[in-house]
Amino acid sequence: DAEITQSPRHKITETGRQVTLACHQTWNHNNMFWYRQDLGHGLRLIHYSYGVHDTNKGEVSDGYSVSRSNTEDLPLTLESAASSQTSVYFCASSVGLGADTQYFGPGTRLTVL
Amino acid sequence: AQSVAQPEDQVNVAEGNPLTVKCTYSVSGNPYLFWYVQYPNRGLQFLLKYITGDNLVKGSYGFEAEFNKSQTSFHLKKPSALVSDSALYFCAVRAGGYQKVTFGTGTKLQVIP
């Protein structure tokens with residue numbers, strides 16, 4: 001069955017370190033998204049991609065970057081981790097836009113000490 | 001700008017009673033509206049969506065939602081709550097033609113045996 005996976009599921013890192021969170025989908029979806037989930041804020045969009053070599057900033061993109069070299073993967077990099085980036089991160093994908101459903105990965109819980 | 005409001009952080013309901021989780025939205029143009037559910041330590045799962053047509057939308061696990069254009073609401077309902085329905089519920093909106101989905105802050109549903 002097609003799926004979307006994230007790794008690692010849990011990560012503890014130190015302030016200032018670079019961290020990369022992986023997202024891999026086998027749906028063959030064009031669109032991929034990264035969100036962070038924080039209490040009181042719901043899900044906020046970090047970056048998104050509509051296809052290979054396409055990336056766009058979301059509402060909370062500062063301190064994060066993504067690259068899309070193939071259809072299946074959209075890794076999220078925290079260039080210099082900060083305590084404010086402690087959160088749960090979700091990757092999602094969709095075949096199209098408009099009314100298309102997003103399919104979510106299981107999430108990565110990141111703690112920045 | 002589009003927005004979603006879920007006015008209740010938590011809803012408690014007795015098992016077997018009907019449940020309602022409220023959602024209101026603000027968007028320019030015709031909206032696409034979604035409900036997702038999140039179980040502990042899991043990613044979001046799609047429940048149902050409104051695109052156009054019938055204002056009552058039926059979804060997974062016996063849930064339904066009613067689209068009310070005049071009140072800009074999309075409340076989630078279920079006639080008889082189960083303990084297993086206890087989870088975090090997110091409402092989301094996307095304006096027709098607008099690229100990104102905006103999520104509400106989530107409502108925790110607690111079904112009491």
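Chain letters run A, B, ... following the sequence lines, proteins first, then strands; residues in each count from 1.
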Any side-chain heavy-atom pair from [X] and [Y] closer than 4.5 angstrom?
{"X": "A:E59", "Y": "B:T102", "result": "no"}
{"X": "B:Y32", "Y": "A:D100", "result": "no"}
{"X": "B:V101", "Y": "A:Y48", "result": "no"}

[X] versus chain B, heavy atoms under 4.5 Å apart: side chain, backbone, both or neither?
{"X": "A:R9", "result": "side chain"}
{"X": "A:L43", "result": "both"}
{"X": "A:Q37", "result": "side chain"}

Given heavy-atom pairs under 4.5 angstrom as the criterion, report whether the side chain, backbone, both or neither of [X] touches chain A.
{"X": "B:D9", "value": "neither"}
{"X": "B:Q38", "value": "side chain"}
{"X": "B:Y36", "value": "side chain"}
{"X": "B:L33", "value": "neither"}

Closest heavy-atom pair, B:L44 versus A:F104, reported as atoms and distance to 0.1 Å, is O-CB, 3.4 Å
Using a 6.0 Å cut-off, check whether atom [atom1] of [X] has over 12 heavy atoms from anything other than its own residue.
{"X": "A:R109", "atom1": "CZ", "result": "no"}
{"X": "A:N70", "atom1": "CG", "result": "yes"}
{"X": "A:L113", "atom1": "CG", "result": "yes"}

[X]-[Y] co-clustered via ILVMFWY side chain contacts under 4.5 Å:
{"X": "B:Y39", "Y": "B:L109", "value": "yes"}
{"X": "B:F34", "Y": "A:I4", "value": "no"}
{"X": "A:V112", "Y": "A:L21", "value": "yes"}
{"X": "A:Y89", "Y": "A:I12", "value": "no"}
{"X": "B:V11", "Y": "B:I112", "value": "no"}

Highest number of heavy-atom pairs under 4.5 Å with chain B among A:G42, A:G107, A:G40, A:C91 belongs to A:G42
Heaviest contributor of heavy-atom pairs below 4.5 Å to chain B, chosen from A:G58, A:G105, A:P106, is A:P106
The residue among A:Y35, A:F90, A:F33 that forms ring-ring contact (aromatic ring centres under 6.0 Å, His included) with B:F103 is A:Y35
Hits for ring-ring contact (aromatic ring centres under 6.0 Å, His included) against A:H29, two or more places apart or cross-chain, chain-then-number order -> A:W27, A:Y103
Here the gap from A:D38 atom CG to B:T105 atom OG1, rounded to the nearest 0.5 Å, amounts to 12.0 Å
